[in-house]
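Notes follow once the structure below has been shown.
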Amino acid sequence: MHTGLEAPTGKWWVPAHKSEKMWVTIAFIWCMVLFIMMPLWHWKGGQNPSGIRRRVTPEAFQKRVSEFTAAYQVGYDRGFPVVEPPPGSDIYLLARSFTWTPVLKLKKGVEYTLHLSSVDVNHGFSLYPINVNFQVVPGYDYGLRVTPNATGDFRIICNEFCGIGHHLMVGRVIVEDAEPTAPTGGAR
């Protein structure tokens with residue numbers, strides 16, 4: 001019987017072949033190239049969200065969401081508050097097993113700062129059918145500058161398995177056309 005304490009008998013060790021050494025060297029060089037590229041992808045790539053990140057306690061974030069909801073609530077949708085914040089404001093979305101709250105009603109072409117956080121476990125923010133994905137971690141407030149560029153009724157799906165009711169965790173974002181602005185300068 002072989003144990004880890006005794007060397008196996010016979011020819012069990014052979015030096016790496018020349019071609020194997022070449023492939024290991026190529027793989028190592030490629031890893032170094034990718035390692036050097038990571039800062040460039042972060043700063044110039046555009047695929048990483050470069051929003052605001054702060055530590056926040058779940059209680060403090062929940063309080064902000066409650067204040068936000070109380071200030072801008074315009075109704076209910078299936079028991080969830082619907083909020084319509086003023087253009088350009090900070091908007092809050094809270095993830096909790098197994099809900100997203102509140103329902104956001106936004107204007108097309110207007111920039112908002114979307115704050116995301118969770119009060120319990122990790123969740124995944126996926127805006128369907130648009131390919132926007134973000135991980136929502138408890139204890140962190142992620143502020144993302146967003147400008148809706150299409151009207152519609154969008155669904156927020158949790159794409160991080162968060163528990164037995166994960167498949168029920170669906171939120172909603174409604175984007176409407178911005179109200180037409182009054183002409184400036186008056187009639188001529």
Side-chain angles (χ1 to χ4, degrees), residues 1-58 60-61 90-100 104 106 108-173 175:
M1 172 178 254
H2 177 265
T3 68
L5 299 176
E6 299 173 14
T9 57
K11 188 177 178 183
W12 62 275
W13 166 256
V14 290
H17 187 266
K18 181 180 168 184
S19 62
E20 189 175 359
K21 289 179 182 177
M22 180 185 72
W23 284 112
V24 168
T25 303
I26 290 172
F28 179 76
I29 291 169
W30 185 242
C31 286
M32 290 297 105
V33 169
L34 294 176
F35 179 75
I36 292 168
M37 294 285 292
M38 282 194 300
L40 292 174
W41 286 330
H42 179 75
W43 297 109
K44 297 291 181 184
Q47 76 272 14
N48 296 324
S50 56
I52 306 156
R53 293 180 195 92
R54 292 189 200 119
R55 289 197 59 89
V56 65
T57 64
F61 192 81
D90 286 7
I91 57 178
Y92 293 88
L93 193 60
L94 177 76
R96 174 187 299 137
S97 299
F98 305 99
T99 60
W100 295 98
L104 298 173
L106 307 176
K108 178 183 169 187
V110 175
E111 182 179 282
Y112 299 92
T113 302
L114 172 63
H115 293 268
L116 294 167
S117 191
S118 167
V119 293
D120 44 28
V121 296
N122 283 6
H123 295 281
F125 174 89
S126 177
L127 190 61
Y128 182 81
I130 300 170
N131 187 18
V132 174
N133 294 289
F134 204 80
Q135 189 167 19
V136 182
V137 180
Y140 288 92
D141 173 359
Y142 295 100
L144 304 169
R145 289 183 182 83
V146 296
T147 305
N149 59 7
T151 59
D153 192 350
F154 303 94
R155 296 293 183 262
I156 305 166
I157 299 169
C158 179
N159 59 8
E160 179 83 27
F161 182 74
C162 57
I164 196 73
H166 165 72
H167 63 288
L168 302 172
M169 191 168 173
V170 178
R172 191 172 176 207
V173 175
V175 180

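Residue numbers start at 1 and run along the sequence shown. Everything numeric in this text was worked out from a predicted model, so none of it was measured.
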As a quick check of understanding, evaluate side chain to side chain contact (heavy atoms under 4.5 Å, CB included) for L104 and L114, giving each step before the final call. CA-CA 10 Å; L104 298 173; L114 172 63; 4.1 Å; yes
Before giving the answer on side chain to side chain contact (heavy atoms under 4.5 Å, CB included), spell out for S126 and E160 the whole-Å C-alpha distance, their side-chain angles and the decisive distance to 0.1 Å. CA-CA 9 Å; S126 177; E160 179 83 27; over 6 Å; no
Do N122 and P138 make a side-chain contact, defined as non-hydrogen atoms from C-beta onward lying under 4.5 Å apart?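 Yes, side chains in contact.
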Near [X] [atom1], under 6.0 Å, is it more than 12 heavy atoms from other residues, nucleotides or ligands?
X    : atom1 : result
I164 : CD1   : no
R54  : CZ    : no
F161 : CZ    : yes

Taking all non-hydrogen atoms of both residues, which atom of [X] and which atom of [Y] are closest, and how far apart?
X    : Y    : result
A150 : V175 : O-CG1, 3.2 Å
H166 : C158 : CE1-O, 2.9 Å
G171 : W100 : N-CD1, 3.4 Å
S97  : C162 : OG-O, 4.1 Å
Y112 : P148 : CD1-CD, 4.1 Å
P129 : F154 : CD-CD2, 3.7 Å

Are a donor atom and an acceptor atom from the side chains of S118 and D120 found within less than 3.5 Å of each other?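 Distance-only check passes for S118 and D120.
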Point-to-point distance, once rounded to the nearest 0.5 Å, from [atom1] of [X] to [atom2] of [Y]:
X    : Y    : atom1 : atom2 : result
N159 : L127 : CG    : CG    : 11.0 Å
T113 : L144 : OG1   : CG    : 9.0 Å
S117 : R96  : OG    : CZ    : 11.0 Å
R53  : D141 : CZ    : CG    : 11.0 Å
L93  : F125 : CG    : CZ    : 6.0 Å
L116 : F134 : CG    : CZ    : 7.0 Å

Which label fits H115 and Y92: parallel for a plane angle under 30°, tilted from 30 to 60°, or perpendicular past 60°?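 Ring orientation of H115 relative to Y92: parallel.
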Whether R55 engages the ring of Y140 as a cation-pi pair (distance to the six-membered ring centre under 6.0 angstrom, angle to the ring normal within 45°) should be assessed.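 Yes, R55 sits over the ring of Y140.
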Check against side chain to side chain contact (heavy atoms under 4.5 Å, CB included), I26 and W23: CA-CA 5 Å; I26 290 172; W23 284 112; 4.1 Å; yes
